[in-house]
Amino acid sequence: MYQTLLQGLKGALAEHIREKYGVELNVVLERPPKLEMGEAASPVCFELAKRLKRAPRHIAQEIAASLPRIEGIARVEVAGGGYLNAFFDRAAFFAATVAEGSGEWPFAEGAQGKRVAPRQEPGQPSGAKEEKKEKKKKVIVEHTSINPNKAAHIGHLRNAVLGDTMVRLLRYTNHDVAVQNYIDNTGVQVADVVIAFQQMEKKSLAEVKALAAQPNFDYLCWDLYAKATQFFEEDKVRAGKLRGETLKSIEEGRGEAAEMGAVIADAIVSLHLRTMARLDIFYELLARESEILHLHFWDAAFEKLKASGAIRLEASGKNAGCWVMPWRKEANEVKDVKEVKEKSAAAAAGEASTSGRTEEDLDKIIVRSNGTVTYVGKDIAYQLWKFGLLGKDFHYRRWPNAPGAEQLWATTTEPNEPGAPQFGGAEAVYNVIDTRQAYLQDVVAEGLRALGHAKEAENSIHFDYEIVALTPRCAAEMGYELSPEDAKRPYVEVSGRKGFGVKADDLITRMLKAAEKRVRQKHPTMAGAELQATANALAVGALRFFLLKVTRNTIIAFDFDDALSAEGETGPYCQYAIVRIRGIRRKGHDRGLEKASSTELKSDANLLAPESRAAIQEILAGAGNEDIWDLLLHAGSLDYAVDAAIGAQEPAFVTKYAFQLAQAFNNFYHKHHILSEADAQKRAFLLGLTELVEKQLVQALVLLGIQAAEKM
RNA sequence: GCGCCCGUAGCUCAGUUGGAUAGAGCGUCUGCCUUCUAAGCAGAGGGUCGGGAGUUCGACUCUCCCCGGGCGCGCCA
């Protein structure tokens, strides 16, 4: 509701200024530092003062006096040197937030039931009422995309949790989202494990099949892959030869190496799915590289790239025989190219420029001189498919035994299975990939642009994030030996190759145990399914919140103590506020107090009736009740937090919101005893407010993929 | 060498397009459980926002320079 009011205020101010002064400007709004300064403020008069060459305060006074009434805003005052401070109609804010989504503005004067800017559909799990909405924007979110040759580690969890949360946010804001998980089942990483089984472990295909059926196969491969890395470093020539042969077999899908690779990749993918399901993360499509190869996606893309002149065959120079894409991204990059050209010219003229890169270095090789395509080339083909621009499609089959209620599909070269949905053809694509791949993602977008797909290049969103590393203390705790240099650094990067890192399942299990222990202590009688469900909600809540509360470009230096914490700015803190609310509801219900369930609140004529307005207003404006209004204001600001999160592509804004709402509630909880409130009307209102807080906080947590608990 | 990111309280981090007195959590210290669950609340202490110049009515935020740290730049993926 807060966002709705801001938009109304912003529009009204802009229009008023245009009419009164003939000035068109962007009205900036901010949250005042203190509640007594109102709920929204604008420094727009400072900007206006510059244009009109008049004192900002005088302009502010003029505007405050002449501004027409704005829906939901009680008054606008002048403050400081020329701020315009808006004060909300508090009772109306309560009613409007409760009624949010219905499109009705309660208490509207003059215009009965006038529609306010309707909020998008609340995030119902199944499309409850979608017919009245405008067409949803179709987007693809690709996340997780772990190489299927070892167990998932904590860095993969950050990827999946970020991606999954973005999916939830996009669905909540009326997007048609397809979640895809890219499986590089024919790459060197799988090949390496195949080689390790064959050469180092001397395992037959049948033996590997047996191992792959075991539940700890991903852990086994984790260790094996680390050993393989060492094995390859011992003899680079041997490594190159083995890799070449094995990779060729796997890519062509022929021979025992190919079959073993498929067994390994499929088994590991299933284990990854199981791991992610523990955190309520699911997918709709597994897009596999084997199909990109066998359905000749690259060939189609290659033809387009050649035909459009986006890539060219180099006849001479260091890239002779390669197809390269010239690097010429947008105007702001041209400067760099120019600089490089100048340097290049200087070098040619014999001037001292020993290490300057030449123009040639900016070109990106797409096809090697031996005719094989690079990773980026395949990625361009895949990205074209995502936008429906390739002119080819995968075939689809059901993925067997996938966790979760929804059907999971995988690509195949076989004919479509009946019931296969349409994938691809999105308007926007989010690729959740860590920030180290920024350059390659730029090349992919540049490829689309070079093909004349400027809009799709623009809508190719590299949803980047910083890595998860381990603190040296954590590394030591896990028994890893660090070099003296590493031990001094603030963090050490995890590495699947080296087998260095915290495995996802280990971490989840450890958090589950910690949560269970805590719940047992507080509720000795709780057992069975209830205990498991509670511990699970708390563990997942702690972990997801931990990974989401920092902004994307912050490196997480992982430490068990931080992750396991359940105090302060954590998931369990937010969950605890809900538990308290539910405790009040239960007890209130037992005592037969009115409005003790959220289902009653919404349809309750009492609190939302016009005759309740004065009483509610009195409570919200009453001396000593600032914290009540503060709580309500927070409760009504979910839309604002979500819009900011979507706009900045920053899920951390939602964790911040959830924490602040929980904090406002805890503050309120200690000052106001609800069930013993003597004034029946006030008690009813406080109960109503509490239920509203619960609804908003639960919704915020749903967006974060965190479940609320009944007790903890 | 070129490019990108980071530097805010003892520690870990917020600070949305430039806006009012720079915030939170953890840790430290002091209080608060016979009243809706103390995984909580209240209070105290803690800052040259890496340094310097500039733009602006106004800079943690924008520009330039410098210092310190990380990452990327391959006919690997």
Side-chain angles (χ1 to χ4, degrees), chain A residues 26 28 30-34 37 41-43 46-47 49-50 56 79-83 85 147 184 187-189 243 318-322 324 333 336 339-340 343 353-357 361-362 365-370 372 374-376 378-379 434-440 464 466-467 469 489-491 493 518-519 521-523 538 542 549-551 553-557 559 561-562 565-570 572-573 575-577 579-588 591 640-641 643-645 647-648 650 652-653 656 659-660 663 666-667 669-676 690 711-712:
Chain A
N26 180 36
V28 174
E30 54 165 305
R31 199 123 168 181
K34 298 218 165 193
M37 296 165 150
S42 180
F46 296 109
E47 180 64 26
K50 221 186 306 186
Y83 283 94
N85 289 355
N147 268 302
D184 186 2
V188 283
Q189 293 216 16
R243 270 184 172 156
K318 59 178 283 201
N319 295 337
C322 298
V324 303
E333 299 281 342
D336 300 339
E339 278 171 15
V340 171
K343 267 189 195 155
S353 175
T354 47
S355 55
R357 302 190 79 199
D361 289 315
L362 286 175
I365 291 163
I366 304 297
V367 179
R368 304 180 187 103
S369 55
N370 68 2
T372 57
T374 58
Y375 168 77
V376 197
K378 279 182 279 192
D379 235 29
D434 80 60
T435 190
R436 293 173 300 187
Q437 295 207 38
Y439 167 66
L440 290 169
D464 64 325
E466 267 294 354
I467 57 162
R489 310 174 81 205
Y491 50 81
E493 192 180 334
R518 197 74 186 271
V519 177
Q521 279 170 358
K522 294 198 75 172
H523 303 278
L538 292 170
K549 74 174 176 182
V550 296
T551 51
N553 65 0
T554 298
I555 295 172
I556 295 179
D559 197 287
D561 289 350
D562 296 337
S565 169
E567 288 164 15
E569 196 169 348
T570 65
Y573 177 96
Q575 290 166 312
Y576 187 58
V579 162
R580 281 178 151 173
I581 292 170
R582 292 182 172 173
I584 294 169
R585 287 238 319 267
R586 274 197 308 274
K587 205 153 248 181
R591 295 185 194 174
Y640 178 68
D643 281 7
E650 191 57 87
F653 290 0
K656 189 63 85 181
F659 173 64
Q660 286 175 347
Q663 200 173 40
N666 278 331
N667 180 323
Y669 175 90
H670 279 271
K671 282 189 194 155
H672 305 272
H673 202 273
I674 297 165
L675 296 178
S676 60
T690 298
K711 295 176 180 175
M712 63 186 271

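Values reported hereafter were calculated over all heavy atoms of this structure, with side chains retained and with hydrogens, waters and symmetry mates removed.
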Paired stretches of RNA chain B - 3 or more consecutive Watson-Crick or G-U pairs, each distance under 3.5 Å: B:1-7 with B:67-73, B:10-13 with B:23-26, B:28-32 with B:40-44, B:50-54 with B:62-66
A:E493 CD - B:G69 P separation (whole Å): 18 Å
Atom pair OG1 (A:T690) and CZ (A:R582), whose distance is rounded to the nearest 0.5 Å: 13.5 Å
Sugar-phosphate only, base, or nothing, as touched by A:V324 at under 4.0 Å among non-hydrogen atoms: nothing
Validation row: A:D379, A:L440 side chains within 4.5 angstrom (heavy atoms): no
From B:A77, B:C41, B:G25, nucleotide with atom closest to A:N666 side chain: B:C41
Pairwise side-chain contact, A:Y573 with A:Q663, heavy-atom cut-off 4.5 Å (strictly under): yes
B:U28 and B:U16, which share atom name C1', separated by this distance in whole Å: 33 Å
Euclidean distance for C1', B:U63 against B:G18 (whole angstrom): 13 Å
With the criterion being N/O to N/O and under 3.5 Å, what pairs connect the protein with nucleotides 29-33 of chain B, and how long is each?
none

N/O donor-acceptor pair under 3.5 Å between A:T374 side chain and A:I366 backbone: yes
4.5 Å side-chain heavy-atom contact, A:L538 and A:R518: no
Distance-only donor-acceptor test (3.5 Å): side chain A:S369, base B:C75: yes
Flag side-chain contact, heavy atom, 4.5 Å: A:P572 against A:M712: yes
Sugar-phosphate, base or nothing in reach of A:A566, heavy atoms under 4.0 Å: base
A:K711 vs A:R586 side-chain heavy atoms within contact, under 4.5 Å: yes
A:E466 vs A:D434 side-chain heavy atoms within contact, under 4.5 Å: no
Sugar-phosphate only, base, or nothing, as touched by A:G583 at under 4.0 Å among non-hydrogen atoms: sugar-phosphate
Whole-Å P distance, B:G25 and B:G43: 11 Å
Pairwise P distance, B:A22 and B:G51 [rounded to whole Å]: 16 Å
B:A24 OP1/OP2 closer than 4.0 Å to side-chain N/O of A:Y573: no
d(NE2, A:H672; C1', B:A42) in whole Å: 14 Å
Glycosidic class, syn or anti, of B:C11 using a 90° window around 0: anti
Close side-chain approach of A:K656 to A:K549, heavy-atom, < 4.5 Å: no
Nearest-angstrom distance, C1' atom, B:A59 to B:C64: 15 Å
Protein-nucleotide distance (A:D434, atom CG; B:C5, atom P), rounded to Å: 16 Å
Reading 5' to 3' through nucleotides 11-20 of chain B, protein heavy-atom contacts under 4.0 Å coded B for base, S for sugar-phosphate only, - for none: --SSSBB-BB
Distance, rounded to the nearest Å, where A:Y375 contributes OH and B:G74 contributes C1': 14 Å
Touch class at under 4.0 angstrom, heavy-atom based, for A:D561 against every strand present: nothing
Distance in Å, A:Q189 CD paired with A:D184 CG, rounded so as to fall on 0.5 Å steps: 7.5 Å
Atom-pair distance (CZ on A:R436; C1' on B:G72), nearest Å: 10 Å
Flag, side chain of A:S369 to backbone of A:C322, donor-acceptor distance under 3.5 Å: no
Which residues share a side-chain hydrogen bond (donor to acceptor under 3.5 Å, both in side chains) with A:D464, sequence neighbours left out: A:T435, A:R552
Spacing of the P atoms in B:U61 and B:G54 (rounded, Å): 14 Å
OP1 or OP2 of B:A77 under 4.0 Å from side-chain N/O of A:R243: no
Below 4.0 Å: OP1/OP2 of B:C36 and any side-chain N or O of A:R582: no
Contact nearer the 5' end of RNA chain B, comparing A:H523 with A:S565: A:S565
Partners passing ring pair (Phe, Tyr, Trp, His ring centres under 6.0 Å) against A:Y669 (at least two apart in sequence or in another chain): A:F665
Under-4.0 Å side-chain N/O to phosphate OP1/OP2 contact, A:R489 with B:G70: yes
Any A:Q663 side-chain N or O less than 4.0 Å from OP1/OP2 of B:G25: yes
Whole angstrom value for the distance that separates P of B:C76 from CG of A:D379: 16 Å
Residue-phosphate contact under 4.0 Å: A:Y669 side-chain N/O, B:A38 OP1/OP2: yes
Between B:G27 (P) and A:D559 (CG): distance, integer Å: 14 Å
Touch class at under 4.0 angstrom, heavy-atom based, for A:I581 against every strand present: nothing
Whole-Å P distance, B:A77 and B:C71: 22 Å
Touch class at under 4.0 angstrom, heavy-atom based, for A:N147 against every strand present: nothing
Separation of A:D643 CG from A:F653 CZ (nearest 0.5 Å): 12.0 Å
Separation of the C1' atoms in B:C26 and B:G46, to the nearest angstrom: 13 Å
Which nucleotide in B:C71, B:A38, B:C36 has an atom nearest any side-chain atom of A:L675: B:C36
For atom NZ of A:K711 and atom P of B:G40, their distance in whole Å: 20 Å
Residue met sooner reading RNA chain B from 5', once A:S676 and A:C322 are mapped to nucleotides: A:S676
Listed partners of A:F46 passing ring pair (Phe, Tyr, Trp, His ring centres under 6.0 Å), at least two apart: A:Y83
